[in-house]
There are 2 protein chains.
Amino acid sequence: MARPRLQDVADQAGVSLATASRVLNGSSRQPGPGLVEKVRAAAADLGYVVNAQAQALARSRTGLLGLVVQDISDPYFSTIAAGAQDAARASGHLVLLASTGRDPVAEREAVAAFAAHRVDAVVVAGTRWAPEDDDALAAELDRFVVAGGRSVVVGQPVGEGYVVRPPNAAGATALAEALLAQGHRRFAVLGGPATVVTSRERAEAFVGAVRAGGGVVTDVLETEFSRDGGYAAGGAVADLVAGASDGTDPLCVFAVTDVMAIGAIARLRELGVEVPRDVSLAGFDDVPTLRDHVPGLTTVRIPLEEMGRLAVRAAVVETVTAPGASPHGGVTEVEFDVVLRASTARS
Amino acid sequence: MARPRLQDVADQAGVSLATASRVLNGSSRQPGPGLVEKVRAAAADLGYVVNAQAQALARSRTGLLGLVVQDISDPYFSTIAAGAQDAARASGHLVLLASTGRDPVAEREAVAAFAAHRVDAVVVAGTRWAPEDDDALAAELDRFVVAGGRSVVVGQPVGEGYVVRPPNAAGATALAEALLAQGHRRFAVLGGPATVVTSRERAEAFVGAVRAGGGVVTDVLETEFSRDGGYAAGGAVADLVAGASDGTDPLCVFAVTDVMAIGAIARLRELGVEVPRDVSLAGFDDVPTLRDHVPGLTTVRIPLEEMGRLAVRAAVVETVTAPGASPHGGVTEVEFDVVLRASTARS
DNA sequence: CTGCGCATGGAATGCGCTTTCCTACCACGG
DNA sequence: CCGTGGTAGGAAAGCGCATTCCATGCGCAG
């Protein structure tokens, strides 16, 4: 019950290996109609399935795409992955997935494994962390690119690759302005560790815009860059609310991601602090899965799925049309929308 | 700038190709320490990266695992995928992901593409649909298995493969009993199309248990098997609530998945119907991303991540220890827990 | 001191397919 | 009637690596 090989098909059809190959894989050179038919019939008869590995070896092109994300169960990444997967299929690629659990070492290993599998391109999604980890990843990516691969990053630049950037600064700025326009004056920021670039970019832009607009930022809280981090920091936020003296403006908290905001709100509710009654809270990303949350979360919508799609397209176009001929650079910053919902409503 | 080949490493180290191969890939036969060192050094020096494709061809084992899910952006599947990915890495496999958008044809094509890439095993996650689609998928999977592959399904049996089953009937039954114990008496079911096996299993078990426990099921609503389906059916649920004559027991709706429940609640809220004040609502799955939803959703917790892990383990163990020697059967039904939250609280 | 067994390194074959070449053949024009 | 350009099919050389099979050299018992 061994798998039939192309040779078997050729034998059965009474043609040469070369002819069978030309028929069965869209070669530019097609044999005469009679032979084509015979080969097709033989292949169907034998239940022939081409061996993509052997094909890849002979063609030195695998049709594989590596996608590394920090946590595939996080809706932020799974949405990007959906877009990436979609674009990959559209271009005839299969995607190899690696979910690294936010471990920089695993991230590097994933890229190395992808390189070993000779993926045509690798897409790395996720914010960058401490510089030394970044450098190591950049080195890994560069080795891959030098060897003829193509790399695209969704988030911040790493190495030489193409970058699909979320509009962190612009989005946070616009959000701050919208909140100021709503009448909010006193703000706090709930962010991840300062080494997390995404968090830093959003927080800094937000703070800058608030101050420029005449508001004040009283506190910048650092916690884990996740739902649980937000939850853990909920207590601190509650303290801020409780500690406000009478007569001060109500507080508005900007959590740098939706999932952190959701975690914070959950904790606040446990502590009897209601959003937006006692404190306003805004997020960032507009993760689709969280859109039914109550209260509706004020946030900055970014086109996550589209970002995945763009990244893959950037990776694939180059691979297919002009391998290695690209400038190895380029940045796309995607659009955004400030979405005002109930979580920052002023009563 | 061509990638160095193993031959290059061997040359630089002054050894034969065979020796280099033995050193660099955990062969059982290791050369003397001196040579090992020389080969290692040469490999590092040249920046050698093994070609997994060539390796796969020579070994006829790819180290790849195919995972097909219906929609990777759905938290149900992304959670399963996280578990699968985790187990795959633990066993030294890379996962090829296909997200089919619930299209049976795409599902089959994905399996075929995986087969072409000679994945060691394929895991298909997701409920089954119309029988004819199932048969086609089963045929595709069987071809793969006959050719030496291994297949595992998460959901309902398809073909001969191993099955990791969610406890649909048992969970729905237990949920019904818990709700009856809470004092609920009048129920409705919000399910997907009858062709969706998961939906049907849950709905039927629920209805049966309710009746056995002395309750009544007044309506069974069919809608799309998704968040949007739940949302769309919200209006019908509202009508049921409004149509109840005075004095009847309050209504409790069982949505067959959490995401449908969330969609329904969103629509109900828009229509001014509050959960659980005006109507109770329960879901199924206990999707992690939705645990912060308000009101907290009464549901049946199933270990999604673990299910992904189990599936991969079943697929891989066989592949590794006894290729083809398995009975090609077997079912694991996972544990569950009924989780009572605010959405079905009786005032 | 000889012979045997075992360990060690290398040559060579094959994994399944793509893609140059090459040859044979056809239809032409000169 | 011969030469030429063009085409269609096949032979064969890889693609990069694993692994079987050999040859060699060593230690040891006899």
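Numbers restart at 1 for each chain; the letters A, B, ... are given by sequence-line order, proteins then strands. Values below: all heavy atoms of this structure, side chains included; hydrogens, waters and symmetry mates excluded. None of these values were measured; they are calculated from a predicted model.
Within the 3.5 Å criterion, the main-chain N or O of A:Leu57 finds no donor-acceptor partner in the side chain of A:Ser60. Under the 3.5 Å distance criterion, the side-chain polar atoms of B:Gln70 are matched with a main-chain donor or acceptor of B:Thr127. At least one donor-acceptor pair closer than 3.5 Å links the side chain of A:Ser99 to the backbone N or O of A:Ile72. Between the B:Thr100 side chain and the B:Ala106 main chain, no donor and acceptor come within less than 3.5 Å of each other. Although no hydrogens or angles enter the test, the distance criterion places no donor-acceptor pair under 3.5 Å between the side chain of A:Gln53 and the main chain of B:Ala56. Of the possible donor and acceptor atoms, one in the side chain of A:Gln30 sits under 3.5 Å from a partner among the backbone N and O of A:Arg22. B:Asp45 places no side-chain N or O within donor-acceptor distance of the main-chain N or O of B:Ala41, the cut-off being under 3.5 Å.
Here C:dT13 presents its C1' atom at 12 Å from CG of B:Leu17, a figure rounded to the nearest Å. We find that CD of A:Gln55 is positioned 18 Å from P of C:dC15, with the value rounded to whole Å. For the pair A:Arg5 CZ and C:dG14 P, the computed distance is 11 Å after rounding to whole Å. The CD-C1' distance, from A:Gln7 to C:dC15, rounds to 13 Å in whole Å. Going from atom CZ of A:Arg59 over to atom P of C:dG16 covers 17 Å, rounded to whole Å. Separating the CG atom of B:Asn51 from the C1' atom of C:dC17 is a distance of 14 Å, rounded to the nearest angstrom. In this structure, A:Leu24 atom CG and C:dG16 atom P are separated by 16 Å, rounded to whole Å. Summarising the geometry, the separation between CZ on A:Arg3 and C1' on C:dG14 is reported as 18 Å, rounded to the nearest angstrom.
Ion pairing between a basic and an acidic side chain is recognised when a charged N comes within 4.0 Å of a carboxylate O; A:Glu37 and A:Arg40 show no such pairing. Under a 4.0 Å N-O distance rule, the pair B:Arg150/B:Asp120 does not qualify as a salt bridge.
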List, with names and distances, any nitrogen or oxygen atoms from the protein found under 3.5 Å away from nitrogen or oxygen atoms belonging to nucleotides 20-22 of chain C.
none

Tabulate protein N/O versus nucleotide N/O from nucleotides 24-26 of chain C, keeping only pairs under 3.5 Å, one per line.
none

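For residues 35-48 of chain A, proximity to DNA chain C is found at A:Tyr48, defined as any non-hydrogen atom under 4.0 angstrom from a strand atom. For DNA chain C, no neighbouring residue in residues 111-119 of chain B is found when judged by any heavy atom under 4.0 Å.
With sequence neighbours excluded, no residue forms a salt bridge (Lys or Arg N to Asp or Glu O under 4.0 Å) with A:Asp103. In this view, A:Arg108 satisfies the salt bridge (Lys or Arg N to Asp or Glu O under 4.0 Å) rule with no residue, not counting sequence neighbours. Taking the salt bridge (Lys or Arg N to Asp or Glu O under 4.0 Å) definition, one finds that A:Arg309 meets it with A:Asp86, A:Glu305, A:Glu306, sequence neighbours left out. Under the side-chain hydrogen bond (donor to acceptor under 3.5 Å, both in side chains) criterion, A:Asp135 pairs with no residue at all, not counting sequence neighbours. For B:Glu109, the salt bridge (Lys or Arg N to Asp or Glu O under 4.0 Å) test picks out no residue, with sequence neighbours left out. When the side-chain hydrogen bond (donor to acceptor under 3.5 Å, both in side chains) test is applied to B:Asp11, the partners found at least two apart in sequence or on another chain are B:Gln7.
Smallest separation of non-hydrogen atoms from A:Phe114 and A:Ala98: CZ-CB, 3.7 Å. A:Thr62 and A:Val119 make their closest contact through OG1-CA, 3.7 Å (heavy atoms, listed as atom of the first residue, atom of the second, distance).
Residues A:Asp142 and A:Phe144 fail the side-chain proximity criterion, which asks for heavy atoms closer than 4.5 Å. Taking the side chain as every heavy atom from C-beta outward, A:Val9 and A:Leu24 approach each other to under 4.5 Å.
A residue-by-residue look at B:Gln30 and A:Leu57 shows that B:Gln30 has its nearest nucleotide of DNA chain C further toward the 5' end.
Looking at heavy-atom distances under 4.0 Å, A:Thr19 makes contact with sugar-phosphate atoms alone, never a base.
Reading DNA chain D from its 5' end, the first and the last nucleotide to sit under 4.0 Å from a heavy atom of chain A are D:dA8 to D:dG16.
The overall bend of the helix from C:dC1-D:dG30 to C:dG30-D:dC1, read as the angle between its terminal helix axes built from five base pairs each, is 60° when rounded to 10 degrees.
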